[in-house]
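What you see is a predicted model; the values in this text were computed from it and never measured. Each chain gets a letter, A, B and so on, in the order the sequences are listed, and its residues count up from 1. The analysis underlying the following values was restricted to heavy atoms, covering all of them including side chains, and did not include hydrogens, waters or symmetry mates.
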There are 2 protein chains.
Amino acid sequence: MNRRNTPTKEAILDLLSNSTKALSQDAIERQINIKINRATIYRVLNRFCDDDVVHKIVAEDGKQYFAVCKKCENPQEVIQHHFHFRCLLCDTIECLQVPVEYSFPNGYEVQNANCVLSGVCNDCS
Amino acid sequence: MNRRNTPTKEAILDLLSNSTKALSQDAIERQINIKINRATIYRVLNRFCDDDVVHKIVAEDGKQYFAVCKKCENPQEVIQHHFHFRCLLCDTIECLQVPVEYSFPNGYEVQNANCVLSGVCNDCS
DNA sequence: TATTTTATTGCGAATAAGTTGCAATAATAC
DNA sequence: GTATTATTGCAACTTATTCGCAATAAAATA
Ligand SMILES: [Mn+2]
Ligand SMILES: [Mn+2]
Ligand SMILES: [Zn+2]
Ligand SMILES: [Zn+2]
């Protein structure tokens with residue numbers, strides 16, 4: 001399954017790259033300047049996830065949000081397990097450069113993390 | 001809105017109290033020994049949440065899970081912000097007595113947390 | 001450049017989780 | 001016992017996401 005470059009793919013990655021927030025499918029469809037089918041957006045996003053280009057966050061609303069999340073110092077490198085923040089006032093979700101730390105009981109093997117804190121964000125406080 | 005005691009309400013709370021795992025609506029419907037309507041189960045669960053009797057976890061699958069989560073030492077008291085663990089092998093979600101700790105940038109006011117780590121649980125490893 | 005291969009897309013339909021309106025039921029207060 | 005109204009069941013609805021399939025168009029090949 002070799003990947004192909006398409007206008008759709010580039011437009012979505014462009015939008016995500018220039019956004020400070022994680023975006024849902026409908027936010028992408030609203031903000032993008034070309035017409036892309038709903039199913040296609042999901043398929044492109046899922047491919048990005050498979051290729052580790054973006055990562056997916058599931059919020060308390062049960063919806064999927066997608067972000068190209070990079071380290072501050074080293075923008076190429078993606079932080080592995082970091083917190084996300086959902087502002088209840090401006091209704092946005094952002095990646096935070098705050099690592100998820102925990103001391104787990106033996107016998108548990110942690111592979112993935114989906115951590116969303118919610119409240120009032122920096123902009124709204 | 002005074003609350004009333006009903007067989008439905010008691011059966012659901014009973015099931016949750018005796019479960020070591022967080023349960024979804026369909027798991028409750030499957031495991032309970034009386035017939036309860038889907039909408040009713042959700043309404044009872046949401047009332048429990050409003051009354052702080054149970055708490056809701058949203059997992060990476062976007063589904064809602066409910067648990068009566070208590071401290072080990074002091075079973076009455078509910079831990080505020082703790083991690084949850086989703087086992088990818090046995091497909092269960094459990095509350096862990098592991099507090100969610102973070103050092104957040106100023107300006108963020110954290111009110112709630114929805115943190116689910118996933119991997120292989122103690123039973124399956 | 002022309003042809004072939006197959007990844008990608010759009011469309012519509014399907015699935016699944018959760019909610020809501022409404023009338024019937026039943027717990028509790030009086 | 002009667003009245004009040006919280007709770008329930010049912011069906012319909014909403015919303016998010018996925019899927020099958022045929023059409024399109026990148027990229028590889030000749
Ligand atoms: Mn992130
Ligand atoms: Mn819990
Ligand atoms: Zn905000
Ligand atoms: Zn397990």
Round to the nearest Å and state the distance from [X] atom [atom1] to [N] atom [atom2].
X: A:Arg47; N: C:dT6; atom1: CZ; atom2: P; answer: 17 Å
X: B:Asp61; N: D:dT18; atom1: CG; atom2: P; answer: 12 Å
X: A:Ile34; N: C:dT8; atom1: CD1; atom2: C1'; answer: 13 Å
X: B:Asp50; N: D:dA6; atom1: CG; atom2: P; answer: 14 Å
X: B:Gln25; N: C:dA16; atom1: CD; atom2: P; answer: 13 Å
X: B:Glu29; N: D:dT8; atom1: CD; atom2: C1'; answer: 14 Å
X: A:Lys9; N: D:dT24; atom1: NZ; atom2: C1'; answer: 17 Å
X: A:Ile41; N: C:dC11; atom1: CD1; atom2: C1'; answer: 14 Å

Quiz item: Mapping B:Tyr65 and B:Pro7 onto DNA chain C by nearest heavy atom, which one lands closer to the 5' end?
Solution: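 The 5'-side residue here is B:Tyr65.
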Quiz item: Mapping A:Ile36 and B:Gly62 to their closest nucleotides on DNA chain C, which lands nearer the 5' end?
Solution: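 Nearest nucleotide further toward 5': that of A:Ile36.
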Atom pairs under 3.5 Å, N or O on each side, protein against nucleotides 28-30 of chain C: can you list them with distances?
{"residue": "C:dT28", "atom": "OP1", "partner": "B:Asn5", "partner atom": "N", "Å": "2.9"}

Exercise. Flag the pair A:Ser19 / A:Val68 as yes when at least one side-chain heavy-atom distance between them is below 4.5 Å, and no otherwise.
Key: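 No, too far: nothing below the 4.5 Å cut-off.
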Quiz item: Near A:Asn18 CG, under 6.0 Å, is it more than 12 heavy atoms from other residues, nucleotides or ligands?
Solution: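 More than 12 heavy atoms, drawn from other residues, nucleotides or ligands, come within 6.0 Å of this atom.
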Quiz prompt | Result of checking A:Phe83, A:Tyr102, A:Phe85 against B:Tyr102 for ring pair (Phe, Tyr, Trp, His ring centres under 6.0 Å) | solution =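 Single ring pair (Phe, Tyr, Trp, His ring centres under 6.0 Å) partner of B:Tyr102 among A:Phe83, A:Tyr102, A:Phe85: A:Phe83.
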Practice problem: Could you tell me whether B:Ser24 contacts a base, only the sugar-phosphate backbone, or nothing, with contacts defined as non-hydrogen atoms closer than 4.0 Å? | Solution: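 Since no nucleic acid heavy atom lies under 4.0 Å of B:Ser24, the category is nothing.
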Considering all heavy atoms, the nearest [X]-[Y] contact:
X: A:Asn114; Y: A:Ile57; answer: OD1-CA, 3.6 Å
X: A:Leu16; Y: A:Ile28; answer: CD2-CD1, 4.5 Å
X: A:Gln25; Y: A:Arg38; answer: NE2-CG, 3.4 Å
X: A:Cys115; Y: B:Leu117; answer: SG-CD2, 4.1 Å
X: B:Thr20; Y: B:Glu94; answer: O-CB, 3.9 Å
X: B:Glu60; Y: A:Val58; answer: O-CG2, 3.3 Å

Show each protein N/O and nucleotides 19-23 of chain C N/O combination with a separation under 3.5 Å, one pair to a line.
{"residue": "C:dG21", "atom": "O6", "partner": "B:Arg43", "partner atom": "NH1", "Å": "3.3"}

